[in-house]
Amino acid sequence: MARSEDTITIGLLGAGNVGSLVARTLVEERDLISSRVGAPVRLAGVAVRDPEAPRDWKIPGELLTTDAEALVDQVDLVVELIGGDEPAGQLIERALRRGATVVTGNKALLASRGAELSAVAAESGAELRFEASVGGAIPILRPIQESLSGDRITKVMGIVNGTTNYILDQMDTTGAAFADSLTEAQKLGYAESDPTADIEGHDAAAKAAILGTLAFHAPFSIDDVYCQGITGVSQEDIEAASASGYVIKLLAIAEKESDSTGAVLRVHPTLLPRTHPLASVRGAFNAVFVVAENAGELMFYGQGAGGQPTSSAIMGDLVSAARRMHAPTPTATTVSSATELPPLSIERASTQYYIDMDVADREGVIAEIAQVLAANHVSIESMRQPGVVTVEGEIEDEPDNGAKVQIVTHLASERDLHATVEELRGLDVVKVVNSVLRVEVEK
Ligand SMILES: NC(=O)C1=CN([C@@H]2O[C@H](COP(=O)(O)OP(=O)(O)OC[C@H]3O[C@@H](n4cnc5c(N)ncnc54)[C@H](O)[C@@H]3O)[C@@H](O)[C@H]2O)C=CC1
Ligand SMILES: N[C@@H](CC=O)C(=O)O
Ligand code: NA
């Protein structure tokens, strides 16, 4: 689309859970986003239904408007976060017809009118991006559309609705009631404005249609998806499944027939063995398996719902599309390296450590070792002496009279660890340090 100036102008439609955080990023991180794009970007306006409504982030008053159409008509890029069929549908169509790029998370609309809107975009040369519509923050659509475009995808299967996964997980792990868990999911910004779409499986079915369309390069709508939600799943079902080693998850599955004569798309509660990788997907997290002929099995995992994770996917589409508007040649858009961030030595890293050593078998050894660690600011999380066994309260040595000590430290810096190991090696009581391995834990 031709622009009268270099600045890429953005119009945001809707400022709810996701929209208000997109507005915040565009205002507070404007310089960063502009540098990623390679051209200045400016949030030109935010169309809202009620300018006075409380929001997760207070949008500057001068940006607010209730005239969404006028906003759509004056910007280069439209971010639609109103949701639902209308007025979102006609606003997106209006933007695409005039050649403006559209970024949206509106799976309901895409699953009913996606093919039609893509045709409008193709006609005017506009771009329609919708990574946020499936799997929230998880990059799943672009890998399917780009990275796997040279392969044949045969199956996509996953947990794609955060609200229902949250509810089922709460019922399974805490015994919480369905209704209470749903209320909590609404408070956390996971649920649709009408949560029936979540609990009856319609949201997951919309996502299954989008996944099937992109994976199999064939148009599917929500009407092509068999759909059963979780309202029929009782606490008794969950407990009975659990007693047999299963967990109940709402799965979305799109699978091609082996002879490629068609595809079955379905959404329904499913019993999974507790050992299945999807069984450990907790809370509002999502995970999607993709099976392709040459790539084999791939798994994508991350936060599938919530304002902040979803805003990440919206911003990713926005930056990527704006780059293409600014510099349509692919070479100009590949690497952004404007940030000064020098690579640092591993000495600056800190992790936990596992140290295994053979030590002399005499009294006071442990105290000497502990002293060395303490002097180097390394504290001990756990210690084992596998060469020593306790028999009726007495300590007995291994037959060769040697002893082993295995220590896991708390978080320590690489620098302190090196100093510690050097000093341990110098101790008379330490025969040999067999191994030092890093233990990666959530910090
Ligand atoms: N919340 C989430 O976790 C995710 C949401 N999405 C999608 O993102 C979109 C937005 O979701 P949320 O922010 O959670 O919804 P939300 O219900 O919190 O926000 C929608 C906002 O649009 C406003 N609105 C309604 N009609 C309007 C109009 N005519 N003009 C201007 N504003 C209007 C509403 O007042 C509300 O503030 C939806 O399509 C949703 O399906 C996608 C992935 C995850
Ligand atoms: N309501 C949806 C929001 C994200 O798509 C969900 O719970 O997954
Ligand atoms: Na996504």
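The figures that follow rest on heavy atoms only: side chains count, while hydrogens, waters and symmetry mates do not. One-based numbering, in listed order, for ligands and for the atoms of each. Numbers here simply count residues along the sequence, with the first being 1.
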**Request:** Compare Gln303, Gln186, Lys107 and give the one whose heavy atom is closest to atom 4 (C) of ligand 2.
**Result:** Lys107
**Request:** Give the atoms of ligand 1, by number and element, whose distance to some non-hydrogen atom of Ala305 is under 4.0 Å.
**Result:** 3 (O)
**Request:** Decide whether Glu239 and Gln235 meet the rule of one side-chain donor and one side-chain acceptor closer than 3.5 Å.
**Result:** yes
**Request:** Establish, from distance only, whether the side-chain atoms of Glu381 and Gln352 form a donor-acceptor pair under 3.5 Å.
**Result:** yes
**Item:** Per-atom contacts, ligand 1 versus Ala132 - under 4.0 Å to a heavy atom
**Value:** 42 (C), 43 (C)
**Message:** So, at under 3.0 Å, which protein N, O or S atoms would a careful student list around the Na ion (ligand 3)?
**Reply:** Glu131 O, Glu131 OE2, Val134 O, Gly136 O, Ile138 O
**Message:** Can you see whether Arg98 engages Ser124 through a side-chain donor-acceptor pair at a distance of less than 3.5 angstrom?
**Reply:** no
**Asked** Leu13: heavy atom below 4.0 Å from ligand 1, yes or no?
**Response** no
**Request:** Would you please classify the geometry between the Tyr301 ring and the Phe285 ring as parallel, tilted or perpendicular, with 30° and 60° separating the classes?
**Result:** parallel
**Request:** Classify the contact between Asp203 and ligand 2 as side chain, backbone, both or neither, using a heavy-atom distance cut-off of under 4.0 Å.
**Result:** side chain
**Asked** Any idea which atoms of ligand 1 are less than 4.0 Å away from a heavy-atom of Pro87?
**Response** 29 (N)
**Complete:** The atoms of ligand 2 lying under 4.0 Å from a heavy atom of Glu192, numbered in the order shown, are 1 (N), 2 (C), 3 (C)
**Complete:** Nearest non-hydrogen protein atom to atom 34 (C) of ligand 1, with distance, is Arg49 NH2, 3.7 Å
**Request:** For Gly14, take its heavy atoms, then give the atoms of ligand 1 lying under 4.0 Å from any of them.
**Result:** 22 (O), 32 (N)
**Request:** Name the closest protein heavy atom to atom 17 (O) of ligand 1, giving the residue it belongs to and the distance to 0.1 Å.
**Result:** Ser193 CB, 3.9 Å
**Asked** Can you check whether Ile314 reaches Val18 side chain to side chain, under 4.5 Å on heavy atoms?
**Response** yes
**Message:** Closer than 4.0 Å to some heavy atom of Val18 - which atoms of ligand 1 meet that?
**Reply:** 1 (N), 5 (C), 11 (O), 12 (P), 13 (O), 14 (O)
**Complete:** If we number the atoms of ligand 1 from 1 as shown, the ones under 4.0 Å from a heavy atom of Ala47 are 31 (C), 32 (N)
**Interfacing atoms of ligand 1 (cut-off 4.0 Å, heavy-atom, Gly306)** = 2 (C), 3 (O)
**Asked** Do Ser234 and Asp237 get their side chains close enough for a donor-acceptor pair, meaning under 3.5 Å?
**Response** yes
**Asked** Considering distance alone, does some N or O of Ser133 sit under 3.5 Å from an N or O of ligand 1?
**Response** no
**Request:** Check each heavy atom of Asn161 against ligand 2 and say whether those closer than 4.0 Å belong to the side chain, the backbone, both or neither.
**Result:** both
**Complete:** Taking only non-hydrogen atoms of Gly304 and a 4.0 Å limit, the atoms of ligand 2 in range are 4 (C), 5 (O)
**Request:** Using distance alone, determine whether Glu192 and ligand 1 share an N or O pair under 3.5 Å.
**Result:** yes
**Message:** Ala305 versus ligand 2: do any nitrogen or oxygen atoms come within less than 3.5 Å of each other?
**Reply:** no
**Message:** So for ligand 1, is Asn17 a polar contact partner (N or O within less than 3.5 Å, distance only)?
**Reply:** yes
**Asked** So is Tyr190 polar-close to ligand 2, meaning N/O to N/O under 3.5 Å?
**Response** yes
**Prompt:** By number and element, which atoms of ligand 2 are closer than 4.0 Å to a non-hydrogen atom of Asp198?
**Reply:** 1 (N), 2 (C), 6 (C), 7 (O)
**Request:** Show which atoms of ligand 1 fall inside a sub-4.0 Å distance from at least one heavy-atom site of Gly83.
**Result:** 38 (C), 39 (O)
**Prompt:** Is Leu43 close to Leu12 at the side-chain level, that is, under 4.5 Å between some pair of heavy atoms?
**Reply:** yes
**Asked** How far does CG of Asp67 sit from OG1 of Thr65, to the nearest 0.5 angstrom?
**Response** 5.0 Å
**Request:** Answer side chain, backbone, both or neither: which part of Ala197 comes under 4.0 Å from ligand 2, heavy atoms only.
**Result:** neither
**Prompt:** Taking N or O atoms only and a 3.5 Å limit, does Gly189 qualify as a polar contact for ligand 1?
**Reply:** yes
**Prompt:** Does anything in residues 200-225 pair up under side-chain hydrogen bond (donor to acceptor under 3.5 Å, both in side chains), and if so which pairs, sequence neighbours excluded?
**Reply:** Lys107-Asp203, Asn161-Asp203, Glu200-Thr231, Asp203-Lys207
**Request:** Could you tell me if any non-hydrogen atom of Ala191 lies under 4.0 Å from any atom of ligand 2?
**Result:** yes
**Message:** Just by distance, no angles: are the side chains of His268 and Thr270 close enough, under 3.5 Å, to form a donor-acceptor pair?
**Reply:** yes
**Asked** Any side-chain donor-acceptor pair under 3.5 Å between Ser242 and Arg274?
**Response** yes
